[in-house]
Structure formats: C-alpha cells, structure tokens
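Reading through the structure tokens given below for one structure.
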Amino acid sequence: MANPWAGEVALTIDGKRRVLKLTLGALAELEATLESGSLVDLVQRFEGGAFSGRDVLALIVAGLRGGGADVTASDLLRAEIAGGPMGAAKAAAELIARAFMVPGEA
C-alpha cells in the first residue's frame with residue numbers, strides 16, 4: 001500500500017502493484033539521468049505540461065529504485081503500465097509533486 005504522506009505513489013506495472021518513492025538518492029540519480037537543467041526545471045516542465053516521455057520514464061525508474069526495486073529504463077520499455085502513457089504520466093506527476101510537497105500542504 002502506498003503512503004502518500006511518505007511521498008509514495010502506487011502504479012501497476014505488468015499486473016503487479018508497485019510502490020514508487022523519490023528518495024534523495026533516487027533524486028540524485030534522476031538529475032544525473034536527465035543531464036539537462038535541474039530538478040526545479042523538471043518540476044516546472046510538469047507544472048506547465050511540457051514534459052517528455054523521457055521525463056516520465058526517468059521519473060518512474062527513479063521512483064521504482066527509490067521504492068527498492070532494482071530496475072533500469074530498458075526494463076520498462078516493453079512493460080504494460082496501468083492506464084498506458086497517461087497513467088504513467090499521472091503517476092510521474094504525482095510522484096514529483098509529493099517529493100517536493102511541504103508537510104501540511106495538500
């Protein structure tokens with residue numbers, strides 16, 4: 001079960017419910033993976049609806065890794081994600097929002 005107060009997001013991948021979380025280590029890996037701009041730039045792209053498929057994939061991988069899974073982007077290239085690309089994008093947006101949410105905001 002995902003705990004939104006701990007920054008967790010649930011996503012079903014290949015029929016299995018997974019918990020994603022952006023830990024500090026996962027955020028550092030994410031920043032290195034994107035190689036362009038900062039995490040603030042990534043947040044702004046999501047807020048403005050200008051994110052890419054690469055952004056979504058990188059966030060899902062980082063969230064899975066932060067949640068304890070040993071996965072890479074290539075592991076997800078053929079994965080069946082609940083809700084398809086829009087389901088993945090929604091989970092990615094929720095994940096990054098929860099990672100930077102100030103306690104008490106909702």
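In this text, all values refer to a predicted model and were calculated from it rather than measured experimentally.
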Mind listing the closest non-hydrogen atom pair of [X] and [Y] along with its distance?
{"X": "Gly7", "Y": "Leu95", "value": "O-CD1, 3.9 Å"}
{"X": "Gly63", "Y": "Leu22", "value": "N-CD2, 3.8 Å"}
{"X": "Val71", "Y": "Arg65", "value": "O-NH1, 3.2 Å"}
{"X": "Ala82", "Y": "Leu11", "value": "O-CD1, 4.3 Å"}
{"X": "Val9", "Y": "Arg98", "value": "CG2-NH1, 3.7 Å"}

Min side-chain heavy-atom separation [X]-[Y] under 4.5 Å:
{"X": "Val40", "Y": "Phe100", "answer": "no"}
{"X": "Leu64", "Y": "Ile13", "answer": "yes"}
{"X": "Phe46", "Y": "Val56", "answer": "yes"}
{"X": "Ile60", "Y": "Leu20", "answer": "yes"}
{"X": "Val61", "Y": "Thr72", "answer": "no"}
{"X": "Leu57", "Y": "Leu77", "answer": "yes"}

Point to revise | Sidechain-backbone polar pair: Thr23 side chain, Ala26 backbone, donor-acceptor under 3.5 Å | key: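 Yes, Thr23 side chain to Ala26 backbone: donor-acceptor pair under 3.5 Å.
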Review point. Just by distance, do the side chain of Glu8 and the backbone of Ala2 share a donor-acceptor pair under 3.5 Å?
Key: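 Side chain of Glu8 to backbone of Ala2: no pair is present.
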Taking atom [atom1] of [X] and atom [atom2] of [Y], what is their separation to the nearest 0.5 Å?
{"X": "Asp41", "Y": "Leu34", "atom1": "CG", "atom2": "CG", "result": "10.0 Å"}
{"X": "Leu42", "Y": "Arg45", "atom1": "CG", "atom2": "CZ", "result": "5.0 Å"}
{"X": "Asp14", "Y": "Arg18", "atom1": "CG", "atom2": "CZ", "result": "9.0 Å"}

Exercise for review: Could you go through the side chain to side chain contact (heavy atoms under 4.5 Å, CB included) check for Leu30 and Leu59 one step at a time?
Suggested key: CA-CA 7 Å; Leu30 175 62; Leu59 270 163; 3.6 Å; yes
